[in-house]
Amino acid sequence: GCIVYPVSLALCIPVFIHHLVMEKEEKLVENMKINGMKMRNYWVINGLFNFAFYTVTATIFILYGRYVCHLDFFEQTNTRVFVEVYFLWGLNQISLPMFFSTFFSSAQSAAMTSYAISIWTCCVTADLNVAVFTSPRRLPEWMMHYPAFPYVRVMYLILDPCTWESCYGDYNSMPAEVFEMQWHLLRNSVVYLLLALYLNEVVPQTYGVC
C-alpha cells in the first residue's frame, strides 16, 4: 500500500506534462497566441481542466477502495484527511507539469522522463519510509522540497497504523507530522507554480520566449 496508493495518483503528472509539451511541439500554443490568446488564460484553463481530471480520478480511486475492495485504509481512515491530502497533492499535480514542461520540446521524451521520475520517486520514498525512516524517525529536510516526498510520507503516516493497530478514524488523533507534510505540499505547490510561470516567460522556445 505504501507504494501502490501513492503511485496510483502520481501518474496523472506524466499525462499532463505530455499534453502541455505536445501543444508546444505541435505549435498549437503559438497559433493561439497569434490569434490573441493571453498566456495567463492558457494556464488558467489548463490548470482547471487538469485539476478537474485529477479530481475525478482521485474520487473514483477512493470510492473503488472503499465500496468495491472494502479496504480498511479507505473505510476506516478519517475522510477529512483524505480530502486535505488529495486536494493538496492535486495542486502539485497542476504546478509540477507546468514547471517540467518548460524543459522539454518533445512530448514523447517528456512523457517517458516524467513517468520514470514519478514512479521512481514514489517507490524510493516508500522504501525509505518502511525500511529506514519508520515513524517516529523523519525524512531528511531537503527531501521536503520536492512534492512527491512529503506526499508519499503522509500516505505512509496514515497507512501505517492500519497495518499494526487501527486506522486513524479520529482526525484529532493524527500525528503532528501529518499536518507538517500537508504544509510542505501546500508550499511546494505555490513555489513550483511561481517557478513555472517565471520560466515560461524567460526560457527561450522555438520562436523566442513566451
Side-chain angles (χ1 to χ4, degrees), residues 5-65 79-111 113-115 117-119 121-122 145-152 154-155 181-203 205-207 209-210:
Y5 297 157
V7 168
S8 299
L9 288 180
L11 296 183
C12 289
I13 293 177
V15 176
F16 298 155
I17 294 177
H18 179 271
H19 173 74
L20 290 172
V21 178
M22 182 185 68
E23 289 188 338
K24 182 168 62 175
E25 183 181 13
E26 299 293 332
K27 310 297 186 294
L28 299 178
V29 176
E30 295 298 328
N31 289 333
M32 289 187 283
K33 287 168 61 180
I34 291 172
N35 285 283
M37 181 196 69
K38 302 295 184 182
M39 285 303 295
R40 62 176 177 272
N41 297 332
Y42 173 77
W43 293 122
V44 168
I45 294 300
N46 266 287
L48 292 175
F49 176 82
N50 290 346
F51 191 80
F53 182 91
Y54 164 80
T55 301
V56 172
T57 303
T59 302
I60 293 174
F61 177 73
I62 295 172
L63 293 178
Y64 188 85
T79 303
R80 180 178 172 183
V81 74
F82 274 128
V83 173
E84 292 178 354
V85 169
Y86 284 133
F87 173 78
L88 293 171
W89 179 233
L91 295 180
N92 284 275
Q93 298 242 14
I94 304 306
S95 58
L96 282 177
M98 293 171 60
F99 173 75
F100 282 119
S101 67
T102 62
F103 302 104
F104 292 95
S105 57
S106 168
Q108 183 176 7
S109 298
T113 304
S114 54
Y115 270 115
I117 292 175
S118 297
I119 295 173
T121 52
C122 286
H145 298 294
Y146 184 71
F149 297 127
Y151 164 60
V152 178
V154 74
M155 292 297 292
M181 295 303 106
Q182 292 185 21
W183 158 246
H184 286 304
L185 286 173
L186 177 60
R187 181 202 61 196
N188 287 335
S189 67
V190 174
V191 169
Y192 281 93
L193 176 62
L194 294 177
L195 285 174
L197 295 176
Y198 173 75
L199 291 174
N200 273 279
E201 291 293 330
V202 300
V203 173
Q205 308 293 335
T206 305
Y207 299 105
V209 297
C210 292

**Q.** F149 and Y146 aromatic ring geometry - parallel, tilted or perpendicular at 30°/60° bounds
**A.** perpendicular
Q) Backbone N or O of N92 within a donor-acceptor pair of the N188 side chain at under 3.5 Å? A) no
Q.
Check the orientation of Y151 and W89. Use parallel for under 30°, tilted for 30 to 60°, and perpendicular for over 60°.
A. parallel
Q. How would you list, by chain and number, every residue that makes a side chain to side chain donor-acceptor pair (under 3.5 Å) with Y5, sequence neighbours excluded?
A. none
Q.
How long is the straight-line distance from NE2 of H18 back to OG of S109, given to the nearest 0.5 Å?
A. 10.0 Å
Q: Could you tell me whether a side-chain N or O of S189 sits under 3.5 Å from a main-chain N or O of L186, the two making a donor and an acceptor?
A: yes
Q: Drop me the distance from L88's CG to M181's CE, to the nearest 0.5 angstrom.
A: 12.5 Å
Q: Ignoring hydrogens and angles, tell me if any N or O in the side chain of T113 forms a donor-acceptor pair with the backbone of A110 under 3.5 Å.
A: no
Q.
Can you tell me how far apart CG (N50) and CD1 (I13) are? Round to the nearest 0.5 Å.
A. 11.0 Å
Q: Under the side chain to side chain contact (heavy atoms under 4.5 Å, CB included) rule, collect the residues that match up with F53, sequence neighbours excluded.
A: C12, F16, T57
(Q) Let me confirm one number: the NZ-NZ distance from K38 to K33, rounded to the nearest 0.5 Å. (A) 11.0 Å
Q) What do you reckon, is OH of Y198 surrounded by more than 12 foreign heavy atoms closer than 6.0 Å? A) no
Q. Is the backbone N or O of L9 less than 3.5 Å from a side-chain atom of Q93, with the two atoms forming a donor-acceptor pair by type?
A. yes
**Q.** From L194 atom CG to F99 atom CZ, the distance as rounded to the nearest 0.5 Å
**A.** 12.0 Å
Q | Atom pair OG (S8) and CD1 (I62), whose distance is rounded to the nearest 0.5 Å | A | 11.5 Å
Q) Who pairs with Q182 by side chain to side chain donor-acceptor pair (under 3.5 Å), at least two apart in sequence or on another chain? A) E84
